[in-house]
Amino acid sequence: MKIVIVGGVAGGASAAARIRRLDERAQIMIFERSGFVSYANCGLPYYIGGTIKDKRALTLQTPQSFFSRFSIDVRVLHEVTQINRERKTITVINLESGESFEEDYDKLILAPGARAIRPDIPNVDSKRIFTLRTVEDTFKINEIISSKMPRSAVVIGGGFVGVEMAENLSRRGINVTLIERQPQLLGQLDADMASFVHAHMKSQGVRLLCSRTVSGFEEKIGGADGIKVLIENEQPVLTDMVILAIGVTPDSALAEKAGLKLGFKNSIAVNEYMQTSDEDIYAVGDAVEITNTVTGEKTTVPLAGPANKQGRIAADNICGFPRVYKGTAGASVVKVFDITAAAVGLNERSAAGIGYEKIILSPASHASYYPGGSVMTLKVIFERKTERILGAQIVGFDGVDKRIDVISTAMQAGMKVSELAELDLAYAPPYSSAKDPVNMAGFIAQNVLDGTVKQFFYEDLSELENEDVILLDTRTSAEYERGHADGFDINIPVDDLRERLCELDSSKSVYVMCQSGLRSYIACRILSQNGFDCYNFAGGYRLYESINKDCFDVKSNTSCGAELFAAQKNI
């Protein structure tokens, strides 16, 4: 059997290696239009930033190593331009020689990936404007930085690549401005959680311009004075170089030309076996349509993890080992300077209409008495009626990836949110607490579901301003003096609350805040059992400060966090 694979990197390369492990006699060919067949796509920004110093580390396999270990014929700089389905051949152009030829196949796997989006705006083809998608892109950007030593850069787009490029350009000593059309960065997060990312990036010197639309570019003849980034209804930004990171689109042109069925956003439609509408043609990776396991809807998820799994499943089916790809909840994680942001499943925007409940907590990454611990903020969204976990988001300094993976696994296993409390998770003081943050999320969910605690959230604060209620801060006096939420004019430390209940009017509802949500929960239990109608602020003052004051780990005089949240509510 002869299997031809169009495209390498994650999906195509993993499919090729798996086929060889299953079938020693199969003839396997890979055609890759770039100069590299298998490379660490997600590591490209870190080579530019200098964290990865040897460019050879970016190349996971070469044509020579593929042939040596797997006896696979890999041809880089070869672009497939046409699929001739009737003859079961492909048309290939050697990009070095210009030679065109046909290659036959028994089974064909398409792994063309996705293309970086370049908007149709004036002067977008300037030599000062770059995209980051391939190893060649990486080397080009790195060469410009090394030789031209730009002092400033504008990154357009606040997704994974945009945020990572902002960090890594900044680490090269470049003044970075990041422009995002939406009111927030990292759209997989909700506005409250994204506020931590905003605050931290600003503390590292990155200038953020959210809710701005780039309308074009302007460059003087010769480009000696840099390039102007034109922004609608605002002054342009003059910079030395621009990185376009506004997203990717499925590279499905070859499939469309061949008459294969397309799906969501022109991605290649496949069944659960990764077969296209032609039973002899499979497709994997960023170009294919998949199922969101939370909603059941069709979507695209351009991530390396799903692409690798899809490549393996396509290979298994070709070799006679039936396997199905069930879809993904889109678990993802990103490094943002010193913090980590992670998400899986739905956020509040995508969960609208489901009838969801949410909990927000700010636990420590490990036992508080062991040195080096830090606080993270964890948000879990679940369907109140069924307790089905819909999604989770975490931002923090340490242990974020571990917790998002546990919750992702629980979602895939179909666990209820209350069952997170029962998970048997490893504990030692350097790594966790006896009550792990994931267990704590389960405890809080149980309390919310059985009515032990009633919550209120940041978006509720504006409505409380005109209500005849008590706004109570239960932190220590010293914490309160350093900063407190607007309107929370009463400060009674939780340890003094029982003796000072007489200071509160029991006919009024009490809305309680502390630093992380724990002491205010304890206060609510005291108040509730003494006849008060009490509500606990989810996430604590730490969350409030991040949204409303644009800081949480550093001090800042800016306050666009609140503006971000207000704008996000209207999306």
Side-chain angles (χ1 to χ4, degrees), residues 184-200 294 329-334 336 339-352 354-365 374-384 387-397 399-408 410-411 415-418 420-421 436-449 453 455-461 513 515-518 520-521 536-548 552 561 564-565 568-569 571:
Q184 69 168 80
L185 308 181
L186 299 178
Q188 69 270 36
L189 302 179
D190 286 314
D192 48 6
M193 299 297 287
S195 68
F196 292 108
V197 175
H198 290 214
H200 190 62
V294 182
S332 59
V333 63
V334 61
V336 188
I339 66 172
T340 300
V344 63
L346 308 184
N347 56 29
E348 288 194 66
R349 297 188 302 279
S350 53
I354 293 180
Y356 69 88
E357 184 68 75
K358 62 182 175 181
I359 57 173
I360 306 172
L361 59 154
S362 296
S365 59
S374 59
V375 175
M376 67 179 70
T377 294
L378 192 161
K379 180 177 188 177
V380 180
I381 301 169
F382 59 94
E383 189 174 23
R384 187 176 187 91
E387 294 191 41
R388 180 170 65 112
I389 305 170
L390 300 174
Q393 304 161 44
I394 313 177
V395 181
F397 290 87
V400 169
D401 55 336
K402 169 184 174 181
R403 275 65 185 217
I404 205 70
D405 284 343
V406 171
I407 295 175
S408 178
M411 290 173 64
M415 293 180 63
K416 296 180 178 180
V417 66
S418 60
L420 296 178
D436 187 85
V438 175
N439 295 136
M440 291 296 297
F443 296 148
I444 295 173
Q446 288 176 342
N447 287 338
V448 169
L449 288 165
V453 65
Q455 304 180 97
F456 72 106
F457 303 94
Y458 182 87
E459 59 265 31
D460 300 322
L461 290 174
M513 184 182 292
Q515 187 66 21
S516 68
L518 176 58
S520 53
Y521 162 67
N536 184 34
F537 183 71
Y541 182 74
R542 182 175 190 269
L543 179 67
Y544 173 90
E545 188 178 39
S546 176
I547 298 171
N548 202 57
F552 70 103
L564 152 71
F565 194 88
Q568 182 66 81
K569 287 175 67 179
I571 289 181

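- Rounding to the nearest 0.5 Å gives a distance of 4.0 Å between CD1 of Ile444 and CG of Leu361.
- Panel note: side chain Gln188, backbone Ser332; no donor-acceptor pair is recorded below 3.5 Å.
- At a threshold of 4.5 Å between non-hydrogen side-chain atoms, the residues Lys358 and Gln455 do not count as touching.
- A side-chain donor-acceptor contact under 3.5 Å links Arg388 to the backbone of Val294.
- Put simply, CD1 on Ile339 and CD1 on Ile394 are 13.0 Å apart, with the number rounded to the nearest 0.5 Å.
- Judged by distance alone, the side chain of Asp436 and the main-chain N or O of Val438 form a donor-acceptor pair under 3.5 Å.
- Side-chain atoms of Leu185 and Val336, non-hydrogen and from C-beta on, never get closer than 4.5 Å to each other.
- Atom OH of residue Tyr521 and atom CG of residue Asn447 lie 4.0 Å apart, to the nearest 0.5 angstrom.
- Remark: side-chain polar atoms of Arg542 are paired, donor with acceptor, to backbone N or O of Val375 under 3.5 angstrom.
- When atom types are taken as modelled, the side chain of Ser546 and the backbone of Phe196 share a donor-acceptor pair closer than 3.5 angstrom.
- The shortest distance between side-chain heavy atoms of Phe382 and Leu420 does not fall below 4.5 Å.
- Taken from CG in Leu543 to CZ in Phe457, the straight-line distance is 10.0 Å, to the nearest 0.5 Å.
- The main-chain N or O of Lys402 is never found under 3.5 Å from a side-chain atom of Asp405 such that the two would form a donor-acceptor pair.
- Between Ser418 atom OG and Ile389 atom CD1 the span is 8.5 Å, to the nearest 0.5 Å.
- Checking side-chain atoms of Thr377 against main-chain N and O of Ser362 turns up no donor-acceptor pair under 3.5 Å.
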Exercise for review: Could you walk me through whether Ile407 and Leu378 pass the side-chain contact (heavy atoms from CB on, under 4.5 Å) test, one step at a time?
Suggested key: CA-CA 11 Å; Ile407 295 175; Leu378 192 161; 4.3 Å; yes
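- Contact of the Tyr458 side chain with the Asp192 side chain is not registered, since no non-hydrogen atoms from C-beta on lie closer than 4.5 Å.
- Listed for the His198 side chain is no donor-acceptor partner under 3.5 Å among the backbone atoms of Gln184.
- Residues Ile381 and Gln393 meet the side-chain proximity criterion, which asks for heavy atoms closer than 4.5 Å.
- Using a 4.5 Å heavy-atom cutoff, the side chains of Asp460 and Phe537 are not in contact.
- Remark: side-chain polar atoms of Asn536 are not paired, donor with acceptor, to backbone N or O of Met513 under 3.5 angstrom.
- Proximity of Ile354 to Leu346: side-chain heavy atoms (C-beta onward) are separated by under 4.5 Å at one or more points.
- Remark: the backbone N or O of Gly187 is paired with a side-chain donor or acceptor of Asn347 at under 3.5 angstrom.
- To the nearest 0.5 Å, atom CD of residue Glu387 and atom CD of residue Gln446 are 8.5 Å apart.
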